Every structure is written in C-alpha cells, then in structure tokens.
Enquirer: 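My structure is below; once you've seen it, I'll send some questions.
Computed from a prediction, not measured in an experiment: that's the story for all the values here.
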Amino acid sequence: MNFELKANQPYPVTISGTWVWLKFATAEIVMETNSGERVSIPKGSVVKNDALLGRVLLHSPQDQIIDIQFGKGDFQPPTDGQRVVIESAPPLEIAPNQSVDLGSVPALTLESGQSVKIESLPPVEIASNQYMAVSLGTRPVTLKKASRARASGGNLPMSIPYRSTRIKITIKADANNTGDVIVNGAYPLSPSETIELEYSGVVELTGAATDSAYVMDCY
C-alpha cells in the first residue's frame, strides 16, 4: 500500500501484522512503536516482531511516497527479479485526516464476453486554477431544423392533426381569455401563457367557446 509521508511529520498507521516490508522508498524511514522504540527501515528491509505491531508512527526525513506491505507469519522478501503475490492482507486502519495514495493499480485483463460494472465513483474536486478536459468524441451533432412553419388561430375547441415530420409546435393562449386553454384534456394554459412541444401526435385544445388560442406548427 502506498502512503504519502511529509518531512518530519509523524504518520499514524495501525498495522495488523507481525512483519512490515518497506517495498519502496526514496529515503530511509523510522517506525516508532507504542512503547517508544524507534526502528530505522531502509528500502527493501523487513521488520519482524513476535506480536502484532499495532499502532505505529512512521517518520520520514523528506517528503516521499512509500510502499509498505505487512502481514502475519513468516515472510521472506523477494530478491531482484522475483515477484510477490499477496493473496490476502490484514485490515488497515487510517487515522482521521490521513489518506492513502493509490498511485497505481495492476493491469486488468478481461476474458472474451466478460465486463466490468462501475456503480459509483468518488467526487472529483478541482483546485483553484485547475481545469478538467472532457472529450465528447468525434461524432458530429446534427440539429434538426424545420423547413416550414404554419401559423393558425381561432376559438376553442381546436384540433391540431398528427404530422410525422413535425419538429416543434408552439401553442399560446389569448391574453383576453376568461379561462384556461386545456391541452389534451389535462394541461392548463393561463391567458397569455405559451407552451412548446416536440410532439408529432394529435393535439386537442379545449375550453370556453369564447376563448381562443394560437398555434405555430414547425415541420
């Protein structure tokens, strides 16, 4: 696991294991146990203990990111060119206001027909003067434009017929109406109110016979 250490600032970690391996570091670190014992750990070294190490403080003389592994039982670090496979790891507790840097993850290979489902992602915070570049791909976006517009108006009721090529229809209630214009038996338009619909089906306008509406049919 990767941890980001700051120069001369203790980093508390709870280690549920009897050994610690400093797999990677740019400088030697010091591990301080609950009893006050301090152990210097160079890169590649292993510290073993008879009992669980528990809560320790990690000290570094400089800012650096380290990679440590820990566990129980016997452990022999690999020599150069060998590979270590960790099949399971003990639980790790992070102190408040501390963080773990997951700098990298191994490559994932999927077999034919397999897939990965990501249900959620953590929030992304952009610092001042930073920006995020979002690529929307290279597919062109085509906007539909109407080639004709037919305006009409009159007293209620009115029926606007189905039109398969319709892009948009605008309906406006007359400002002098005494009541609402009802669109398709449910949606009310108050006097002077306007509604735009991207709908190709039949539109029925009902209300008082003395009230009127205006229609702009774009197709």
Enquirer: Grab the two heavy atoms, one from Thr194 and one from Leu189, that are nearest each other, plus how far apart they are.
Expert: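 For Thr194 versus Leu189, the nearest heavy atoms are C-CD2, 4.5 Å.
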Enquirer: Testing the basics here: between Gln64 and Ser60, what is the closest heavy-atom pair and its distance to 0.1 Å?
Expert: NE2-OG, 2.9 Å
Enquirer: Residues in salt bridge (Lys or Arg N to Asp or Glu O under 4.0 Å) with Arg148, at least two apart?
Expert: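 Partners of Arg148 under the salt bridge (Lys or Arg N to Asp or Glu O under 4.0 Å) test: none.
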Enquirer: My understanding is that only residues two or more places apart in sequence, or in another chain, count here; which of them pass side chain to side chain contact (heavy atoms under 4.5 Å, CB included) with Ser35?
Expert: Thr33, Glu37
Enquirer: Hydrophobic cluster membership, with links at side-chain heavy-atom distances under 4.5 Å among I/L/V/M/F/W/Y: are Ile160 and Tyr219 in one?
Expert: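 Per the 4.5 Å side-chain linkage, Ile160 and Tyr219 are not co-clustered.
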Enquirer: Please determine whether residues Val20 and Leu57 belong to a single hydrophobic cluster, defined as Ile, Leu, Val, Met, Phe, Trp and Tyr linked transitively by side-chain heavy-atom distances below 4.5 Å.
Expert: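 Looking at the clustering, Leu57 is in a separate group from Val20.
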Enquirer: To check you understand the geometry: which heavy-atom pair defines the closest contact between Lys72 and Thr18, and what is its length?
Expert: CA-OG1, 3.6 Å
Enquirer: Return a table of donor-acceptor pairs under 3.5 angstrom between the side chains of residues 198-214 and protein atoms on other chains or two or more places apart.
Expert:
{"from": "Glu204", "atom 1": "OE1", "to": "Ser159", "atom 2": "OG", "distance (Å)": "3.4"}
{"from": "Glu204", "atom 1": "OE2", "to": "Ser159", "atom 2": "OG", "distance (Å)": "3.0"}
{"from": "Asp211", "atom 1": "OD1", "to": "Thr178", "atom 2": "N", "distance (Å)": "2.9"}
{"from": "Asp211", "atom 1": "OD1", "to": "Thr178", "atom 2": "OG1", "distance (Å)": "3.3"}
{"from": "Asp211", "atom 1": "OD2", "to": "Gly179", "atom 2": "N", "distance (Å)": "3.1"}
{"from": "Tyr214", "atom 1": "OH", "to": "Asp174", "atom 2": "OD2", "distance (Å)": "2.4"}

Enquirer: Following the transitive rule for hydrophobic clusters with a side-chain heavy-atom cut-off under 4.5 Å over Ile, Leu, Val, Met, Phe, Trp and Tyr, establish whether Val215 and Val183 coincide in one cluster.
Expert: yes
Enquirer: Check Ser190 against Ala173 and note the closest heavy-atom contact, atom names and distance.
Expert: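 Between these two residues, the closest heavy atoms are O-CB, 3.3 Å.
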Enquirer: For Ile169, does its backbone N or O pair with a side-chain atom of Asp217 as donor and acceptor, under 3.5 Å?
Expert: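 Not a single qualifying donor-acceptor pair exists.
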Enquirer: To the nearest 0.5 angstrom, please state how far the CG atom of Leu156 sits from the CD1 atom of Ile182.
Expert: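 Answer for the CG-CD1 pair, Leu156 versus Ile182, is 9.5 Å.
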Enquirer: Could you work out, with side chain to side chain contact (heavy atoms under 4.5 Å, CB included) as the rule, every residue matching Pro42, not counting sequence neighbours?
Expert: Glu28, Ser45
Enquirer: Measuring from Gln9:CD to His59:NE2, what's the distance to the nearest 0.5 Å?
Expert: 11.5 Å
Enquirer: Which atoms form the tightest heavy-atom contact between Pro161 and Arg166, and what is the distance?
Expert: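 In terms of heavy atoms, the two residues are closest at O-NH2, 2.8 Å.
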Enquirer: What is the distance from atom CD1 of Ile66 to atom CG of Leu5, rounded to the nearest 0.5 Å?
Expert: 4.0 Å
Enquirer: Roughly how far, to the nearest 0.5 Å, is CE of Met31 from OG of Ser40?
Expert: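 The distance works out to 10.0 Å.
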Enquirer: With sequence neighbours left out, which residue pairs that include part of residues 177-197 fulfil the salt bridge (Lys or Arg N to Asp or Glu O under 4.0 Å) condition?
Expert: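 Passing the test, one end in residues 177-197: Lys168-Glu196.
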Enquirer: What donor-acceptor contacts under 3.5 angstrom involve side-chain atoms of residues 47-55, with partners at least two apart or in another chain?
Expert:
{"from": "Lys48", "atom 1": "NZ", "to": "Asp74", "atom 2": "OD1", "distance (Å)": "3.3"}
{"from": "Lys48", "atom 1": "NZ", "to": "Phe75", "atom 2": "O", "distance (Å)": "3.0"}
{"from": "Asn49", "atom 1": "ND2", "to": "Ala51", "atom 2": "O", "distance (Å)": "3.0"}

Enquirer: Are Val39 and Ile29 linked, directly or through other ILVMFWY residues, by side chains that come within less than 4.5 angstrom of each other?
Expert: yes
Enquirer: When you group the ILVMFWY residues by side-chain heavy-atom contacts below 4.5 Å and let the links chain together, are Val181 and Tyr187 in the same group?
Expert: yes
Enquirer: Measuring from Phe70:CZ to Met1:CE, what's the distance to the nearest 0.5 Å?
Expert: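 The distance works out to 5.5 Å.
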Enquirer: Measure the CD-NZ distance between Gln62 and Lys6 for me, rounded to the nearest 0.5 Å.
Expert: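 Reported to 0.5 Å precision, the distance equals 12.0 Å.
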Enquirer: State whether a side-chain donor-acceptor pair under 3.5 Å links Gln69 with Asp67.
Expert: yes
Enquirer: Considering all heavy atoms of both residues, which atom of Ala186 and which atom of Pro188 are nearest to each other, and what is their separation?
Expert: O-CD, 3.3 Å
Enquirer: Is a donor on one side and an acceptor on the other found under 3.5 Å between the side chain of Trp19 and the backbone of Gly71?
Expert: yes
